[in-house]
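Quick note on labels: first sequence line is chain A, next is B, and so on, each numbered from 1. This one's a predicted model, so the numbers in the text were calculated from it and none came from an experiment.
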Amino acid sequence: ILNVEQSPQSLHVQEGDSTNFTCSFPSSNFYALHWYRWETAKSPEALFVMTLNGDEKKKGRISATLNTKEGYSYLYIKGSQPEDSATYLCAFNNAGNMLTFGGGTRLMVKP
Amino acid sequence: ETGVTQTPRHLVMGMTNKKSLKCEQHLGHNAMYWYKQSAKKPLELMFVYSLEERVENNSVPSRFSPECPNSSHLFLHLHTLQPEDSALYLCASSQIAPRQGNTEAFFGQGTRLTVV
């Protein structure tokens with residue numbers, strides 16, 4: 001089982017703050033790095049699938065970067081809103097076609 | 001609605017019972033997964049069926065037995081479970097292209113299992 005780590009485990013920010021969190025993963029046998037958003041009482045939903053070193057993807061106020069050589073990805077949220085409160089999961093897709101998830105970062109945005 | 005349907009949504013079972021969880025995907029994907037979410041623990045990959053192969057996490061006890069009769073249906077058969085097996089069990093599907101990895105995974109709503 002592969003080691004995919006996310007930090008911090010949880011994060012409290014004020015509405016309007018910008019924030020970021022980290023996903024680290026093995027740098028060998030890399031196929032893709034996925035980011036998911038998991039709201040309470042719902043299913044995880046994909047935000048980004050990133051495949052190339054140096055990739056940057058953006059969806060509204062959320063963006064992500066990827067460094068496959070050193071094995072990390074950052075997720076950024078600009079101007080956090082209460083509706084951004086969720087657990088953010090990254091998942092490492094290796095050559096064995098497995099999707100291994102990190103422990104998640106639980107974000108709570110206070111109004 | 002994500003195109004992945006799990007039943008039942010909630011299940012309470014005794015330690016001597018046998019039950020099955022069902023997952024169905026309507027997305028034409030060729031890979032299906034079972035994940036376990038225990039309290040305060042990461043999503044744990046239990047089993048993957050992809051391209052007609054099965055990959056399993058060797059730490060999953062034999063009291064969990066998966067079955068994938070076709071690319072659209074996935075079952076998790078449960079027998080003689082323990083209270084520590086109480087958790088949220090999530091099914092997911094994705095499309096795998098050889099040497100290109102997975103597309104994004106779509107998840108079902110999960111089955112909340114309680115073993116008493």
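Within 6.0 Å of the CD atom in A:Gln9, the count of heavy atoms belonging to other residues, nucleotides or ligands does not exceed 12. Within a 6.0 Å radius of NZ in B:Lys19, other residues, nucleotides and ligands contribute 12 heavy atoms or fewer.
The shortest heavy-atom contact between B:Gln109 and A:Ser43 is OE1-OG, 2.9 Å.
Heavy atoms closer than 4.5 Å to chain B are found nowhere in A:Leu47, neither backbone nor side chain. Contacts between B:Gln37 and chain A at a heavy-atom distance below 4.5 Å involve the side chain alone, from C-beta outward. With a 4.5 Å cut-off on non-hydrogen atoms, A:Phe30 does not touch chain B at all.
Residue A:Tyr76 is not grouped with residue A:Phe21 when hydrophobic side chains (ILVMFWY) are merged at heavy-atom distances under 4.5 angstrom, including chains of intermediate members. Side-chain heavy atoms closer than 4.5 Å link hydrophobic residues (I, L, V, M, F, W, Y) into clusters, and following such links, even through other members, never connects A:Val49 to B:Phe106. A:Phe101 and A:Tyr74 are assigned to two separate hydrophobic clusters, defined by single-linkage of ILVMFWY side chains at heavy-atom distances under 4.5 Å. Clustering ILVMFWY residues whenever any of their side-chain heavy atoms sit less than 4.5 angstrom apart, transitively, puts B:Val12 in a cluster other than the one holding B:Leu113. The same ILVMFWY cluster, assembled from side-chain heavy atoms under 4.5 Å apart, contains both A:Trp35 and A:Leu11.
Taken to the nearest 0.5 Å, the CG atom of A:Leu99 stands 8.0 Å off from the CG atom of B:Leu45. In this structure, OH in A:Tyr36 is found 10.5 Å from CG in B:Leu43, a value given to the nearest 0.5 Å. Taking CZ of A:Phe48 as the reference point, atom CD of B:Glu104 lies at 11.5 Å (rounded to 0.5 Å).
Using a 4.5 Å heavy-atom cutoff, the side chains of A:Pro44 and B:Phe107 are in contact. The closest side-chain heavy-atom distance from B:Leu90 to A:Trp38 is below 4.5 Å.
When the side-chain contact (heavy atoms from CB on, under 4.5 Å) test is applied to B:Glu67, the partners found at least two apart in sequence or on another chain are B:Pro69, B:Phe75, B:His77.
Residues of residues 102-111 of chain A placed with any heavy atom under 4.5 Å of a heavy atom in chain B are listed by number as A:Gly102, A:Gly103.
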